[in-house]
There are 4 protein chains.
Amino acid sequence: MFDKEFLFGASISGFQFEMGGKIIDPNTDWFKWVHDKYIQESGIVSGHLPEDGPNYWEHYPEVHDLAVKGNFNALRIGIEWSRIFPRETFEAKTLEDMEKLADKQAISHYRGILEDIKSKGMKLMLNLNHFTLPLWLHDPIKVNRYGDFSQSGWLDDRSPVEFAKFAAFIVREFDSLVDYWSTMNEPNVVANLGYFQRESGFPPSIIRPELWRKALENEIKAHNLAYKEMKKFTSKPVGIIYASNWVDGDESREDAMNLLSWYFMDSIRENMDFVGINYYSRIRVVKRNEILEGEGFKITWKTLPGYGFACMPNGTSRSGLPVSDTGWEVYPKGLYEITKAVCERYGKPVYITENGIADGKDSLRPYYLISHLWSIEKLLEEGYDVRGYFHWSLIDNYEWAKGFTMRFGLVHVNYAEKSFTPRPSFLLYSEIIKERTTEKYKEFIKYPHALVE
Amino acid sequence: MFDKEFLFGASISGFQFEMGGKIIDPNTDWFKWVHDKYIQESGIVSGHLPEDGPNYWEHYPEVHDLAVKGNFNALRIGIEWSRIFPRETFEAKTLEDMEKLADKQAISHYRGILEDIKSKGMKLMLNLNHFTLPLWLHDPIKVNRYGDFSQSGWLDDRSPVEFAKFAAFIVREFDSLVDYWSTMNEPNVVANLGYFQRESGFPPSIIRPELWRKALENEIKAHNLAYKEMKKFTSKPVGIIYASNWVDGDESREDAMNLLSWYFMDSIRENMDFVGINYYSRIRVVKRNEILEGEGFKITWKTLPGYGFACMPNGTSRSGLPVSDTGWEVYPKGLYEITKAVCERYGKPVYITENGIADGKDSLRPYYLISHLWSIEKLLEEGYDVRGYFHWSLIDNYEWAKGFTMRFGLVHVNYAEKSFTPRPSFLLYSEIIKERTTEKYKEFIKYPHALVE
Amino acid sequence: MFDKEFLFGASISGFQFEMGGKIIDPNTDWFKWVHDKYIQESGIVSGHLPEDGPNYWEHYPEVHDLAVKGNFNALRIGIEWSRIFPRETFEAKTLEDMEKLADKQAISHYRGILEDIKSKGMKLMLNLNHFTLPLWLHDPIKVNRYGDFSQSGWLDDRSPVEFAKFAAFIVREFDSLVDYWSTMNEPNVVANLGYFQRESGFPPSIIRPELWRKALENEIKAHNLAYKEMKKFTSKPVGIIYASNWVDGDESREDAMNLLSWYFMDSIRENMDFVGINYYSRIRVVKRNEILEGEGFKITWKTLPGYGFACMPNGTSRSGLPVSDTGWEVYPKGLYEITKAVCERYGKPVYITENGIADGKDSLRPYYLISHLWSIEKLLEEGYDVRGYFHWSLIDNYEWAKGFTMRFGLVHVNYAEKSFTPRPSFLLYSEIIKERTTEKYKEFIKYPHALVE
Amino acid sequence: MFDKEFLFGASISGFQFEMGGKIIDPNTDWFKWVHDKYIQESGIVSGHLPEDGPNYWEHYPEVHDLAVKGNFNALRIGIEWSRIFPRETFEAKTLEDMEKLADKQAISHYRGILEDIKSKGMKLMLNLNHFTLPLWLHDPIKVNRYGDFSQSGWLDDRSPVEFAKFAAFIVREFDSLVDYWSTMNEPNVVANLGYFQRESGFPPSIIRPELWRKALENEIKAHNLAYKEMKKFTSKPVGIIYASNWVDGDESREDAMNLLSWYFMDSIRENMDFVGINYYSRIRVVKRNEILEGEGFKITWKTLPGYGFACMPNGTSRSGLPVSDTGWEVYPKGLYEITKAVCERYGKPVYITENGIADGKDSLRPYYLISHLWSIEKLLEEGYDVRGYFHWSLIDNYEWAKGFTMRFGLVHVNYAEKSFTPRPSFLLYSEIIKERTTEKYKEFIKYPHALVE
């Protein structure tokens with residue numbers, strides 16, 4: 001049973017949703033990355049372009065109406081750093097200097113979005129960084145193709161300060177409209193996919209583990225600094241949103257948990273009022289014969305194919321569980337376990353800030369939704385302090401290097417016409433929110449392969 | 001747009017739903033057929049048994065509550081002839097004689113079911129024969145194995161009269177509780193699958209086209225006679241429920257339509273107040289080289305594999321359309337066409353009395369529902385007199401020779417526990433009934449492969 | 001190691017190979033069966049017709065040349081009873097009476113075929129009955145459709161005598177050209193598929209276990225009688241060709257072996273000089289809850305789907321083994337086991353008289369061939385008295401109810417042009433015959449999934 | 001019909017075949033590349049290692065015996081530059097200086113290999129570079145990970161001279177044993193996959209089209225220089241082996257042919273005595289909207305997925321043709337077309353120096369072999385000067401970044417035991433070589449899906 005204070009909503013980000021209308025934002029690392037002809041030709045990215053997206057920038061009232069219709073009492077959105085500061089802020093010393101550099105139209109437009117959410121009676125979580133960096137801070141083509149690190153994003157030691165300046169500026173600007181602040185979304189993914197696991201197509205897509213480590217360190221500094229600056233202007237909770245991996249497997253799993261899930265959050269534990277958990281699937285590991293080791297890290301495990309994120313799309317995992325369009329195993333137990341572990345380790349309130357599935361046919365999503373919500377309900381019964389669930393996502397959107405082929409929405413988007421059609425899962429989610437329990441659907445929880453016996 | 005008088009409901013039959021509790025009915029041809037060890041061993045039937053069914057006999061209040069929950073304003077159910085008359089009625093001359101032979105407990109139990117439906121505010125359509133015949137009239141094992149035609153069902157020339165006696169008896173008994181009467185369900189399927197197309201496993205499963213014809217003639221007589229008898233006791237509309245085939249293909253399609261869809265209904269056109277259309281998929285034909293001909297029929301076409309009912313389960317039809325668990329192509333256009341043709345040919349009110357899909361995963365049903373309802377909505381806009389839609393079915397049930405493997409329910413049945421869990425489609429159907437239009441989901445109508453582009 | 005006396009060849013039958021040219025034989029039960037329009041329409045048979053076959057009747061020299069090219073030292077063929085005696089022989093009392101009824105042209109043509117084989121230096125095994133019966137003895141349409149048992153084949157108690165008369169006649173006629181005689185091919189399959197397991201489409205396709213038993217008894221009598229008659233005219237070995245099932249599973253397997261494999265052969269053990277084993281795949285059984293029992297038989301087991309003959313075509317069995325186009329698991333161990341058991345039980349010389357695979361792509365046949373031959377080689381090493389191997393078959397042919405879709409040939413047949421093209425397996429078989437060992441290919445024996453690791 | 005001078009053989013290279021025993025060669029770019037832990041972890045390479053290979057280094061007599069057994073009259077092998085010169089040769093001015101740096105044991109061992117081929121009566125084609133470069137010339141990890149171009153292989157302007165020195169040295173050493181010399185194998189693939197199409201995992205795997213161009217230019221210089229030096233020491237024909245792409249599609253195909261197939265060979269046309277064509281599948285292109293342009297190149301087309309090299313493994317191409325384990329469409333027409341075009345453009349003798357298929361089950365290879373050989377036969381009939389066919393390959397081997405999963409051998413390799421087992425295709429190839437025509441198998445040429453109709 002979810003009490004009536006429990007937040008039910010969905011998460012939305014900037015780059016993946018905003019474009020699709022007249023107003024485009026070409027000033028991010030990702031925008032340059034996905035438009036680069038050689039990057040496209042080499043097969044690293046899909047070739048789809050964010051400017052063909054759902055156009056949340058103009059259609060936000062309609063999207064918020066869908067949330068209301070779905071009985072949501074909360075929404076999480078993001079602000080694009082590059083829209084507020086399209087040009088570099090290195091020289092700005094004060095918030096007044098920042099103000100001069102800020103794009104007034106962008107600020108005003110975002111204000112409209114935030115106000116609309118509040119006027120529709122929903123709680124608002126605002127996140128300040130979701131993967132993209134301003135191009136003036138990070139040019140991934142320079143890094144990837146020419147080995148030119150002059151705009152190297154989180155590798156640049158100036159990045160923490162610049163981020164903190166941006167964060168403070170936004171808090172001062174919008175605090176009255178916001179209920180929960182988050183500094184950044186999945187900083188670990190940015191570092192990991194950018195500098196180590198190349199197959200995901202994340203910029204700058206180079207394999208140098210010491211840079212992975214370096215980026216991680218600057219992200220930690222950035223969070224800690226931003227937290228302190230933000231708290232000067234707000235009494236609202238400030239947290240972080242993290243890709244909280246649940247690792248199972250042999251004895252090497254502990255090392256993996258430490259590096260993937262605990263290291264970062266341990267380093268900011270004093271500076272977070274809540275933890276946002278993003279969970280999609282598990283990781284299964286076994287001990288590796290030859291340890292990968294470098295300055296500041298030691299990898300003693302390897303990922304087992306056929307489990308968790310390492311499955312064949314639309315197949316069945318080695319545990320016999322269904323697999324999504326992205327090749328991710330449906331594994332609700334992992335959400336239960338990681339949330340419990342985070343609650344116990346940090347003693348902070350927890351929000352599930354992302355959880356969802358790429359499922360164009362909407363054939364697995366109903367089961368995914370029920371079984372993951374049921375896991376939360378179980379945690380609540382056991383007394384864990386989980387306070388909200390934001391599904392990823394309300395509408396289909398731009399799935400980074402994979403473009404528009406992966407559909408995570410409760411609501412289908414017709415990109416050509418920018419029209420929105422609820423999938424059956426949307427009705428199901430609305431119903432569960434209304435009932436505030438998965439009780440009525442508990443039957444399906446037993447059947448891992450959705451409704452088939 | 002469906003007006004508020006338009007009936008939205010579901011159809012339920014006797015044999016497929018009632019058993020599952022203590023009260024079983026062993027007195028039908030089908031019961032003996034599916035229990036026969038040799039019929040089981042030879043692979044003709046699944047081996048599943050109706051006494052493991054959903055137990056509607058006892059759980060009807062719960063099932064009716066689900067209908068109410070789903071915003072239904074109508075329900076169609078059936079009465080089992082064999083329950084009312086477990087022993088032969090050949091000698092009975094009057095309804096008083098019939099009364100003596102009737103099972104009082106069965107009558108009383110059915111009354112309880114009917115009253116519950118009415119008390120929950122729904123219109124009630126009552127159908128008097130749904131495939132099964134009393135064993136005293138039809139013993140399919142005798143016919144199939146021993147060539148003994150002494151209990152040969154519709155082949156027996158006494159069958160029309162016996163049916164009419166039963167029909168009159170029931171109308172006299174229950175007319176005050178009923179809004180729409182139907183004599184029989186899909187008489188054409190009973191004749192066709194029993195005496196011609198053996199692969200369906202319908203009793204008595206022998207291949208003799210002249211018997212197919214014979215059975216059809218007695219069914220026609222039975223309907224006409226029953227209609228007349230029933231009208232003596234009721235002022236409510238009396239109709240028929242027919243498996244209305246939509247045939248497309250080359251020039252031979254007309255012959256096929258005549259034999260499969262028009263011949264029967266033309267022969268009863270004076271004796272029907274409405275037409276009930278059951279539609280699942282189409283039939284595609286081409287002219288055959290060698291005509292099949294016999295007394296009273298001439299088959300000039302053959303069915304094209306890869307279309308309509310002749311597809312591989314869970315695959316894609318040759319027209320690129322999705323295919324259900326039973327191997328039936330999703331083809332909403334066929335519902336539109338056959339309904340239009342029936343409206344124009346007979347000028348009678350039409351009810352869609354069955355329409356649905358075997359889809360254990362509930363991955364095609366949402367699209368199936370939307371696209372077929374949309375077809376009806378289009379007919380209404382064009383002024384055709386369609387007055388109701390009964391989905392097949394509200395809950396999973398016993399799918400004849402295929403047993404419990406084929407799941408047609410908007411609501412999942414856990415047969416072991418007799419528990420009922422709404423599938424996402426149930427929510428979708430409820431929503432459409434509430435809105436009285438498919439407008440909100442029209443996006444999906446464009447995409448034949450459900451929601452995938 | 002196979003010694004140089006070991007027979008390597010292939011098996012050929014009448015009905016499946018002979019037609020395709022001008023000379024057709026319409027006088028068999030099977031011919032009428034597969035031409036019946038209602039049997040075709042109901043989906044029991046493929047609709048393919050034997051008169052579109054490979055035309056062995058005229059192309060035999062070319063087929064025999066292929067055998068020589070493939071290093072064969074033996075060939076098994078069959079004689080069609082209906083060709084020699086197109087009209088009934090009930091009245092004939094002596095071989096002289098028989099002679100008057102015999103078709104001289106057919107005799108002369110068969111003589112040409114036999115002489116050609118001998119002139120090409122191959123040993124000849126001649127089999128006298130392969131499924132088909134003369135229409136005057138068996139009209140399956142009468143039996144199936146009208147319950148008219150006046151021409152009921154092996155159900156007719158006159159059938160054993162008629163068969164023995166035919167057998168004696170043929171032996172007297174052709175003994176000088178023949179090296180090994182066989183009375184009949186797979187009598188158990190004729191009885192089993194005709195009267196019990198209906199899904200195979202064998203005439204007369206009715207389910208009455210007591211008739212199964214009856215047919216079996218008459219076949220036993222026919223063999224015993226024929227053996228005695230034949231021995232009057234020949235000193236060559238006379239044997240039987242049997243579908244020797246290898247059954248594994250739980251304790252019920254013994255009952256199954258007794259009924260399926262031992263009962264028939266035990267009843268003729270005094271009257272066989274050798275045993276011909278036809279082996280394709282295994283049968284896996286479990287005890288059934290409710291025993292099937294009738295006069296003279298008791299079935300205590302049921303077949304497990306997913307093993308042996310009960311697999312999905314072109315898939316993988318539940319034991320992880322590859323499955324052929326007919327849905328038969330590749331299981332060489334079964335050939336080893338059944339052959340060993342037959343050797344030990346009867347102490348007679350054994351010939352593998354059929355063994356092969358429907359594999360249009362020739363992708364499993366190489367492995368099938370190697371692994372089954374290796375099983376024989378192992379038996380030889382262990383001292384078992386196996387004397388020959390006849391592959392089924394040299395060329396593609398008419399696979400009964402399945403028509404031309406199932407291709408069992410080492411050599412591909414283009415049916416339109418009656419042209420013959422060796423598959424790679426043909427080369428492989430030729431090579432093994434030349435080497436007289438599978439030694440060189442023993443690597444592949446380890447890999448059940450052909451050559452893939 | 002192939003005349004008796006026509007060369008039938010197979011091609012073998014160094015890095016992919018030699019290792020597997022005690023003698024490993026760690027001194028190549030590829031060796032370092034596939035051993036790098038981060039390159040392995042990122043999923044760029046398979047993780048398989050060449051030192052687990054077939055060990056041709058020690059097993060060459062057995063491999064050559066297989067060739068003899070298969071009726072081959074020719075073999076193509078390669079020499080590893082890094083084995084002869086494990087240390088840099090920049091300072092060497094004369095062949096005498098080179099001699100001092102050369103590894104005597106390696107020379108002696110290669111001599112043994114060459115002598116064995118000659119002693120077995122086969123013609124020998126010797127190729128001097130097959131993808132791998134000595135590590136002293138190319139360190140791909142430095143380039144990829146650290147942007148350090150100090151050992152950059154073909155990007156280094158000293159590379160042409162060093163290669164020519166090596167080539168001259170080898171010719172002087174081995175000319176008496178060699179019948180045909182080739183400078184390098186598929187230089188275009190090295191440049192293209194290394195600097196442009198990253199998904200193949202070729203070192204150094206960076207995307208910079210101007211480097212692609214640069215590498216190509218140095219390879220051209222290297223060939224031209226080497227040709228001249230080699231001719232000083234030999235009167236045998238000296239040619240090149242090229243990945244001769246056949247491009248079809250719209251009007252942009254001409255640009256693609258020019259860049260991919262003609263540019264390189266036009267630049268060396270004066271310096272080649274024959275052309276070696278490597279052909280596996282086609283490339284299908286359409287015009288691209290935005291042209292990719294850079295210094296010295298202009299790409300006006302893009303590859304169409306679903307054709308040629310861009311297919312799903314083991315599926316069916318958009319043209320309905322079968323696809324191999326590597327995802328390459330079986331398209332024999334392309335071999336015909338490219339060979340014809342090369343013959344006409346250059347007027348030089350042509351050898352098919354590679355042609356084959358990754359097909360672990362050996363289910364497509366028979367058809368692949370027949371249909372491609374038939375294409376050559378047709379060219380011969382039309383009078384084109386094609387003089388030999390070397391299948392890729394005689395035995396399974398190390399398929400670069402894909403490791404041992406892709407099996408191209410006519411003969412299966414058990415890597416654990418270093419044992420060799422002929423596949424059925426080996427027998428087929430041997431048979432065709434003996435017959436010197438595909439005539440007997442022409443039936444299969446009609447059926448693109450191997451032997452299935």
Side-chain angles (χ1 to χ4, degrees), chain A residues 65-66 69-70 314 322 325 358-370 395-396 403-407 409-435 438-453, chain B residues 65-66 69-70 314 322 325 358-370 395-396 403-407 409-435 438-453:
Chain A
D65 286 348
L66 278 166
K69 175 113 202 151
N314 299 308
D325 295 348
D359 179 28
K361 294 191 195 169
D362 205 46
S363 67
L364 292 175
R365 191 178 285 106
Y367 166 69
Y368 189 97
L369 200 49
I370 293 166
I395 61 172
D396 292 333
F404 298 114
T405 52
M406 294 299 145
R407 292 180 170 270
L410 292 164
V411 171
H412 174 270
V413 173
N414 177 325
Y415 289 106
E417 304 178 12
K418 313 302 177 199
S419 64
F420 307 104
T421 308
R423 293 196 167 94
S425 301
F426 176 82
L427 300 174
L428 177 65
Y429 188 41
S430 310
E431 186 79 6
I432 294 172
I433 296 176
K434 197 168 67 189
E435 307 251 342
T438 58
E439 180 64 18
K440 195 164 66 173
Y441 304 100
K442 65 166 193 275
E443 177 71 24
F444 297 153
I445 296 159
K446 298 187 215 163
Y447 304 113
H449 294 261
L451 316 183
V452 178
E453 271 153 63
Chain B
D65 286 348
L66 278 166
K69 175 113 202 151
N314 300 308
D325 293 350
D359 179 29
K361 293 191 194 169
D362 205 46
S363 67
L364 292 175
R365 191 177 286 105
Y367 166 69
Y368 188 97
L369 201 49
I370 294 166
I395 60 173
D396 292 334
F404 297 114
T405 53
M406 295 299 145
R407 293 179 171 269
L410 292 164
V411 171
H412 174 271
V413 172
N414 177 325
Y415 289 105
E417 304 178 12
K418 313 301 177 202
S419 65
F420 307 105
T421 308
R423 295 197 165 93
S425 302
F426 176 81
L427 300 173
L428 177 65
Y429 188 41
S430 310
E431 185 79 5
I432 294 173
I433 296 177
K434 198 170 66 190
E435 308 250 343
T438 59
E439 180 64 19
K440 196 165 66 171
Y441 303 100
K442 63 167 193 276
E443 176 70 25
F444 296 154
I445 296 159
K446 297 187 218 163
Y447 303 113
H449 294 261
L451 316 183
V452 178
E453 274 154 62

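All chains are named by letter (A, B, ...) in the order of the sequence lines, taking the proteins before the strands, and each is independently numbered beginning at 1. Not measured: the values here are computed from a predicted model.
- Each of B/S363, B/P424, B/P366 was checked for a side-chain contact (heavy atoms from CB on, under 4.5 Å) with A/P366, and the lone residue meeting it is B/P424.
- Between the CG atom of A/L428 and the CG atom of B/L428 there is a distance of 11.5 Å, given to the nearest 0.5 Å.
- Taking A/Y441, A/F420, A/F426 one by one and counting their heavy-atom pairs under 4.5 Å with chain B, the maximum is reached by A/Y441.
- Every residue meeting the side chain to side chain contact (heavy atoms under 4.5 Å, CB included) condition with A/K434, not counting sequence neighbours, appears here in chain and number order: A/N71, A/E431.
- Partners of B/E435 according to the salt bridge (charged side-chain N to carboxylate O under 4.0 Å, His left out) rule, which considers only residues two or more places apart in sequence or in another chain, are A/K69, B/K440.
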